[in-house]
Number of protein chains: 4
Amino acid sequence: MEFNNDKPIYIQIADYICDKIVTSTWKEEERIPSVRELGADLQVNPNTAMRTYEYLQNKHIIYNKRGIGYFVAENAMQYVTQLQREDFFDQQLPRVFKAMLSLNIPFEELQNHYSIFINQHVE
Amino acid sequence: MEFNNDKPIYIQIADYICDKIVTSTWKEEERIPSVRELGADLQVNPNTAMRTYEYLQNKHIIYNKRGIGYFVAENAMQYVTQLQREDFFDQQLPRVFKAMLSLNIPFEELQNHYSIFINQHVE
Amino acid sequence: MEFNNDKPIYIQIADYICDKIVTSTWKEEERIPSVRELGADLQVNPNTAMRTYEYLQNKHIIYNKRGIGYFVAENAMQYVTQLQREDFFDQQLPRVFKAMLSLNIPFEELQNHYSIFINQHVE
Amino acid sequence: MEFNNDKPIYIQIADYICDKIVTSTWKEEERIPSVRELGADLQVNPNTAMRTYEYLQNKHIIYNKRGIGYFVAENAMQYVTQLQREDFFDQQLPRVFKAMLSLNIPFEELQNHYSIFINQHVE
DNA sequence: GTGGTCTAGACCACC
DNA sequence: GTGGTCTAGACCACA
């Protein structure tokens with residue numbers, strides 16, 4: 001896995017895991033890799049993997065059974081999507097709209113780009 | 001001026017200056033405040049102001065006449081808006097569209113939120 | 001290490017590092033000292049070392065792995081020598097030739113001085 | 001006149017004046033422009049022109065008659081050329097030779113570039 | 001441990 | 001007056 005520089009690595013890993021959950025690759029109540037395994041898989045320091053798990057645990061997306069490992073929480077999938085939607089509507093969208101205002105970009109142009117984008121991502 | 005914590009101050013100042021340029025508050029070839037003035041105005045250390053000017057000079061948005069001060073570069077306005085548009089279409093928009101796909105948000109919903117946003121930002 | 005006054009210290013450190021790279025003392029993809037180590041080694045403030053690393057990173061001679069340190073970039077050696085050759089042929093040499101013209105110094109005299117110089121620098 | 005950023009402007013002006021002297025455009029014992037005139041001609045602050053004159057006076061290339069103006073010194077032409085020769089042989093040349101050593105540039109290559117240079121500068 | 005940012009204050013050359 | 005460099009020391013997020 002490759003990492004950007006605009007986000008902390010541990011956050012990018014969290015996104016990656018959330019993706020696994022949303023797509024049901026990792027199902028609810030299922031055990032997920034140990035910090036060491038995850039670290040080895042993604043070529044990061046186990047501490048960084050640990051940080052991701054702490055982060056996700058604080059958000060109640062995963063939970064920990066002591067001495068056993070980490071597990072996907074109940075309703076995690078639904079919860080993650082909800083968080084993502086909130087982020088989308090409360091953070092991303094306003095920022096985009098603000099940019100459109102200051103750059104004088106009409107809504108129609110958005111629509112054009114959306115059509116193009118869709119065509120490229122549907123096969 | 002107030003600063004967030006999600007971006008370095010010197011970047012936020014750079015954004016602030018770009019805004020001045022885009023709105024023609026500071027015109028091309030016009031002298032802009034000295035590092036000391038800017039620092040005093042925005043209540044930051046002159047070094048931080050200096051850092052902003054270095055940053056903007058590297059991007060060819062401002063330039064320096066030795067012993068005299070910094071000046072808005074030729075075509076700076078056009079250049080800045082172009083950079084902003086590129087960032088919008090190449091970075092922000094694809095991210096939004098990707099999120100829409102994975103969250104199953106139809107384009108119509110976008111339109112609704114846009115209407116609401118516009119109503120709030122028009123007098 | 002001792003520093004001149006005709007160049008900023010951070011540039012002189014950059015030259016010093018480029019020298020390490022060109023002579024393969026520091027090899028490609030190899031980790032280089034942390035800003036604190038380098039500062040301690042060369043008896044300069046870590047900030048100054050940091051300034052050098054920023055400078056070299058902008059020139060793509062070194063790169064950064066977050067939280068880990070700075071590394072010599074791929075092809076850095078080749079790249080640095082190329083930069084030096086360009087500077088030599090495009091900047092230094094024309095200046096020398098121009099001076100020779102205006103001072104009426106024949107090419108033969110250059111050759112003499114070269115012989116003397118070589119004798120002094122060969123063991 | 002246009003100025004580089006790698007030398008102080010007042011030095012560049014001094015070079016410009018020395019050139020006038022060497023080429024006998026400004027002859028010995030001849031009055032040269034006042035600081036105000038020179039400043040206006042070259043579009044620089046009179047203070048900067050003044051600095052140049054101070055600099056050249058310290059090197060005994062020009063001298064001052066109070067209330068009248070600045071004059072090219074006796075034997076200035078000869079003296080300037082001598083200074084330039086010294087700079088050439090003591091400063092520039094060793095630097096070039098050093099660069100040749102570290103870049104593995106053989107003397108023959110120098111000769112080639114010299115031929116090219118000469119062809120371009122002779123009509 | 002790492003880099004990165006910021007402040008405070010100093011000194012310098014230059015215009 | 002201007003920018004530019006440097007130091008000292010602090011704090012922070014990140015790996």
Side-chain angles (χ1 to χ4, degrees), chain A residues 3 5-13 35 39 42-52 54-55, chain B residues 3-13 31-39 42-55 57 62-71, chain C residues 3-13 31-39 42-55 57 62-71, chain D residues 3 5-13 35 39 42-52 54-55:
Chain A
F3 300 103
N5 272 332
D6 51 321
K7 270 191 196 181
I9 291 178
Y10 81 96
I11 298 281
Q12 295 181 51
I13 298 175
V35 288
L42 304 184
Q43 310 238 49
V44 296
N45 193 303
N47 287 330
T48 306
M50 187 61 197
R51 213 170 151 82
T52 299
E54 273 172 359
Y55 173 78
Chain B
F3 300 105
N4 302 331
N5 271 333
D6 52 322
K7 273 190 196 180
I9 291 180
Y10 79 95
I11 298 281
Q12 296 181 51
I13 298 176
R31 185 171 174 273
I32 62 179
S34 76
V35 287
R36 291 181 241 271
E37 281 170 3
L38 187 67
L42 304 184
Q43 311 241 47
V44 297
N45 191 292
N47 282 333
T48 306
M50 183 69 199
R51 211 159 153 66
T52 298
Y53 281 0
E54 260 178 359
Y55 174 77
Q57 190 173 31
I62 63 178
Y63 68 96
N64 174 258
K65 286 187 194 167
R66 294 191 313 190
I68 300 179
Y70 278 92
F71 295 75
Chain C
F3 300 105
N4 302 330
N5 271 332
D6 52 321
K7 272 190 198 178
I9 292 179
Y10 79 95
I11 298 283
Q12 296 181 51
I13 299 176
R31 186 172 173 274
I32 62 179
S34 76
V35 288
R36 290 181 243 270
E37 281 169 4
L38 187 66
L42 304 184
Q43 311 240 49
V44 297
N45 191 292
N47 282 332
T48 305
M50 182 69 200
R51 213 160 152 63
T52 298
Y53 281 180
E54 260 178 358
Y55 174 77
Q57 190 173 31
I62 62 177
Y63 68 95
N64 174 259
K65 285 187 194 166
R66 294 191 313 189
I68 300 178
Y70 278 92
F71 295 75
Chain D
F3 300 103
N5 271 332
D6 52 320
K7 271 191 196 180
I9 291 179
Y10 80 96
I11 298 280
Q12 296 183 51
I13 299 176
V35 289
L42 306 183
Q43 310 239 47
V44 297
N45 192 304
N47 287 330
T48 306
M50 186 63 198
R51 213 170 151 80
T52 299
E54 272 172 359
Y55 173 77

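In the text below, chain A, chain B and the rest are named by the order of the sequence lines, each starting its count at 1.
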**Message:** I need the CZ-P distance between B:Arg31 and E:dC15, as an integer number of Å.
**Reply:** 15 Å
**Request:** May I have the distance from C:Gln57 (atom CD) to E:dG4 (atom C1'), rounded to whole angstrom?
**Result:** 11 Å
**Request:** Using heavy atoms to find the nearest nucleotide of DNA chain F for B:Lys65 and C:Gln12 separately, return the residue whose nucleotide is more 5′.
**Result:** B:Lys65
**Request:** Indicate the atoms forming the closest heavy-atom contact of A:Ala49 with A:Gly39, along with that distance.
**Result:** CB-N, 4.1 Å
**Request:** Figure out the CE/C1' separation between D:Met50 and E:dC14, and round it to whole Å.
**Result:** 16 Å
**Item:** Closest approach of A:Lys7 to A:Gln12 (non-hydrogen atoms, all atoms of both residues)
**Value:** O-NE2, 2.7 Å
**Message:** With a sphere of 6.0 Å drawn around CG of C:Asn5, does it hold more than 12 non-hydrogen atoms of other residues, nucleotides or ligands?
**Reply:** no
**Request:** Find the distance B:Ile32:CD1 to F:dT2:P and express it as a whole number of Å.
**Result:** 13 Å
**Prompt:** Expressed in angstrom and rounded to an integer, what is the separation of C:Glu54 atom CD from F:dC6 atom P?
**Reply:** 13 Å
**Fill in**
Contact string for nucleotides 7-15 of chain F, one letter per nucleotide 5' to 3', B = base within protein heavy-atom range under 4.0 Å, S = sugar-phosphate only, - = neither, reads BBB----SS
**Message:** On a heavy-atom basis, which atom in C:Tyr10 and which in C:Thr52 lie closest, and how many Å separate them?
**Reply:** O-OG1, 3.0 Å
**Request:** To the nearest Å, give me how far apart CG (B:Asn4) and C1' (E:dT5) are.
**Result:** 15 Å
**Message:** Show the nearest heavy-atom pair for residues B:Met50 and B:Tyr70, with the distance to one decimal.
**Reply:** CE-OH, 3.8 Å
**Asked** Do you know the tightest heavy-atom contact between C:Pro33 and C:Glu37?
**Response** CA-OE1, 3.3 Å
**Fill in**
B:Asn64 atom CG is separated from F:dT2 atom P, nearest whole Å, by 12 Å
**Complete:** For F:dC14, the nucleotide meeting Watson-Crick or G-U wobble distances (both under 3.5 Å) is E:dG1
**Asked** Roughly how many Å is it from CG in C:Asp6 to P in F:dT5, rounded to a whole number?
**Response** 13 Å
**Request:** Might you point out which heavy atoms bring D:Leu42 and D:Phe3 nearest each other, and give the distance in Å?
**Result:** O-CE1, 3.9 Å
**Request:** Tell me whether the OP1 or OP2 atom of F:dG4 has a side-chain N or O from B:Tyr70 closer than 4.0 Å.
**Result:** yes
